[in-house]
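Step one of this worksheet: look at the structure below.
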There are 2 protein chains.
Amino acid sequence: MNLKQLSQLLGLSQTTVSRALNGYPEVNAETRQRVLEAVRETGYRPNRAAQRLATGRAGSIGLVMPTADSIESDVHFGEFLAGLGDEAVKHDFHFVINPSPPEEETATCRRLVASGNVDALFLAYMREKDPRIAMMKSLKTPFVVHGRSIGIPTDYPYLDIDNTGAFYDAARLLAQLGHRHFALINGPDYLTFSIRRTKGTMRALAEHGLTLRDDCISNSQMTDEHGFRAMERFLQLETPPTAVLCSSTVMALGAVRAINQAGLKLGSDISLIAHDDVLPMLKPENFMVPLTTTRSSLRAAGQRIARRLIADILQIETLPQQELWKTDLIVRASTGPAPSGK
Amino acid sequence: MNLKQLSQLLGLSQTTVSRALNGYPEVNAETRQRVLEAVRETGYRPNRAAQRLATGRAGSIGLVMPTADSIESDVHFGEFLAGLGDEAVKHDFHFVINPSPPEEETATCRRLVASGNVDALFLAYMREKDPRIAMMKSLKTPFVVHGRSIGIPTDYPYLDIDNTGAFYDAARLLAQLGHRHFALINGPDYLTFSIRRTKGTMRALAEHGLTLRDDCISNSQMTDEHGFRAMERFLQLETPPTAVLCSSTVMALGAVRAINQAGLKLGSDISLIAHDDVLPMLKPENFMVPLTTTRSSLRAAGQRIARRLIADILQIETLPQQELWKTDLIVRASTGPAPSGK
DNA sequence: CCCAAAATTCAAAGCGCTTTGGATTTCCTT
DNA sequence: AAGGAAATCCAAAGCGCTTTGAATTTTGGG
């Protein structure tokens, strides 16, 4: 069933039916009713490809998903996607997900936009001097970056959380509690959020006359296993850290296991603060020793970005082009004063 | 830059250029070279919407993602998606993800197909007598179900793991080890995989003259928190279970925590077997007490389903329409003989 | 050197929808 | 009752690509 058939059925022109469906004013109220009625009965659905070709709009937002056999799936990606979904469904948008090996990401983005398949693009997993930003600026397709790059002008639309601030706050608290030996279990070193978190940590330490030793930083994918290994390594140092910052509750899981295994008490022998993306799967308050965290909902970020993207496309509202969200520092039992021995 | 402009630039007709690009035989090798060269220089990309309209093919596979503010994102979804992505990227396919509140899933599927936006559909989160299957069979769009329904003829394309068998094997092992009191921490009760897992467990128990008490079954979303709560509840029964089956390593995480908290030793006081979807984020061998598991890679399932879907669309190969994968039962330290006291 | 067959290339007809520019009716004002 | 504005509705022109049917050029055999 297509427009032509439907209009013949109704004895109307395609023009009128199309207008009736898309809410244009120049159509008789009664006629519109008849059209809507017929649509309900026939189950007619406009062909999106045709619609897209005619309007140039696609009703969808694109994202490229980094993937490869060797790449581990990222819990955080799913959670973020859920947020995008919440908002997208309200406006009948969908996503076009284009998987891509990471090294071809820029090209994949470009292709995705050029294909006319998407009205807007979402960019994540930002790196230093990320080439995707310049590329997107050169096109006229709206886009929003989740995170921010480093080393290039910050004149593009983004939504980021204050990673520097979050880890600064966390490190400062631990320093105030008397801790002297710090460690950081961070995400991949080529991603900007990791870089900022390292910076925030170092800044706080510097203010207290402390430093973060190289062998007390771990960069890796954010999995339980890497968290465990990193912590295990830290604990074997001659002066092991008593204060640990961790970029994800998933990694904290492994870290805590290593701590227990070493026979140490979390919250007294060693303090830990993790960043909490509010993954429903894993809540910091449910840890055996509830975790002190810096918190910011990934899902909320997804919702917000979808909303901004859609607002851009549909021109329905004007939202700020740049947003930097503060994180909450929530103190629970995993942090305590530095053990007196050291 | 579109086809028309490109062909004018080359002094050729659109027809010839189109054919050169799509690998048709009736075009001079030299001409084809010139065309490809020009494409490289101009960066021309065919407009997918137009292509789709003309061919009827979309180059994409659709899936509806259950979502709502109240719904928790599912780790397993992300992992599966990664699998789909691995395979899709090889054939330059992408996904169209249509978020939908669960109660409208059938309608959303129908709309997605009718929109002409997808060449094939992927169905998951199967329920009993799932209406989506009948609906998809009535359309001619290829589809593959991940899982199987219950209570309707099994004459549709699916890929499922042998959930019944997996939990049968697991329960039998525990029974053979002398356990008498069982519990099951399962997924949502309306999903068929949960139903089958319950069935498999009960069957094994029955063969040993045992039963699974109602208050020893927990059905919930598969999160750490629910695992913890369920186990906590079990341990408060007058005769607590000594053998526990668990539908996900994520829930096992919480369950193990509850066990530790109760001062019990996993593997001696209480035995636990979890189903392992091979989530890179959380490996059963890394648990403090490594977990005995039934294993089947979710990501591999995603890859396989994508491959079948694409094979269906492109008619490149003929793959089996129905597949039931056996799971591996891998024994680690979390299982041991029933404690002699009981 | 001529003619049929093979190899290339092209013009034009859609695919299903939106939208422009007009045509036709209806309604109101004077 | 006439004239003009408002309200409705319509025919037709694209959107950018694929594909059919035909035209043109090359090739090969007699």
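Note that these values count all heavy atoms, side chains included, but never hydrogens, waters or copies made by symmetry. Naming: A, B, ... by sequence-line order, numbering from 1 per chain.
In this structure the side chain of A:Arg308 reaches within 4.5 angstrom of the side chain of A:Pro157, judged on heavy atoms. A heavy-atom distance below 4.5 Å is found between the side chains of A:Leu63 and A:Phe77.
Following rounding to the nearest Å, B:Gln5 (CD) and D:dC17 (P) show an atom-to-atom distance of 9 Å. Note: CD (B:Gln8) to P (D:dC17) measures 12 Å, nearest angstrom. The CE-P distance, from B:Met1 to D:dC15, rounds to 15 Å in whole Å. Look at CG on A:Leu21: it is 13 Å from C1' on C:dG16, rounded to the nearest Å. Atom pair B:Arg48:CZ and D:dT18:P shows a separation of 11 Å (rounding to whole Å applied). Between the C1' atom of D:dG16 and the CG atom of B:Asn22 lies a distance of 13 Å, rounded to the nearest Å. Across the protein-nucleic acid pair, A:Arg57 atom CZ and C:dC17 atom C1' stand 12 Å apart, rounded to whole Å. For A:Arg52 and D:dG16, the CZ to C1' distance is 13 Å, given to the nearest whole Å.
Here A:Gln51 does not reach the OP1 or OP2 of C:dG16: none of its side-chain N or O atoms lies under 4.0 Å away. For the pair A:Asn2 and C:dG16, the criterion of a side-chain N or O lying under 4.0 Å from OP1 or OP2 is met. Of the side-chain N and O atoms in A:Tyr24, none sit less than 4.0 angstrom from OP1 or OP2 of D:dT8. Contact check, B:Tyr44 against D:dG16: no side-chain N or O comes under 4.0 Å of OP1 or OP2.
Checked against D:dT18, D:dG14, C:dT19, the side chain of A:Thr55 finds its nearest nucleotide in C:dT19. Nearest nucleotide to the side chain of A:Asn47, out of D:dC9, D:dC17, C:dG16: C:dG16. Each of D:dA11, D:dC17, C:dG16 was ranked by its minimum atom distance to the side chain of A:Ser13; first place goes to D:dA11.
Side chain to side chain, B:Ser13 and B:Thr16 meet the donor-acceptor criterion of an N or O pair below 3.5 Å.
Between B:Ala29 and B:Leu53, the one whose closest nucleotide on DNA chain C sits nearer the 5' end is B:Ala29. Residues A:Thr16 and B:Asn28 each lie close to DNA chain C; by heavy-atom proximity, the contact nearer the 5' end of the strand is made by B:Asn28.
The pair A:Glu317-A:Arg307 meets the salt-bridge criterion, since a charged nitrogen lies less than 4.0 angstrom from a carboxylate oxygen. Between B:Lys137 and B:Asp155 there is a salt bridge, since at least one side-chain N of the basic residue sits less than 4.0 Å from a carboxylate O of the acidic one. Under the 4.0 Å criterion applied to side-chain N and carboxylate O atoms, B:Arg57 and B:Asp119 are not assigned as salt-bridge partners.
Residue A:Ala306 comes nearest to A:Ala88 through the heavy atom pair CB-N, 4.5 Å, listed as atom of the first residue, atom of the second, then distance.
Scanning for ring-ring contact (aromatic ring centres under 6.0 Å, His included) contacts around B:Phe122 gives B:Phe80, with sequence neighbours left out.
Residue-level contact check: A:Ser18 touches the bases, meaning some heavy atom is under 4.0 Å from a base atom.
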Query raised in the report: Taking protein heavy atoms under 4.0 Å as touching, what does nucleotides 20-26 of chain D look like 5' to 3' if B marks base contact, S marks sugar-phosphate-only contact and - marks none?
Result: BB-----
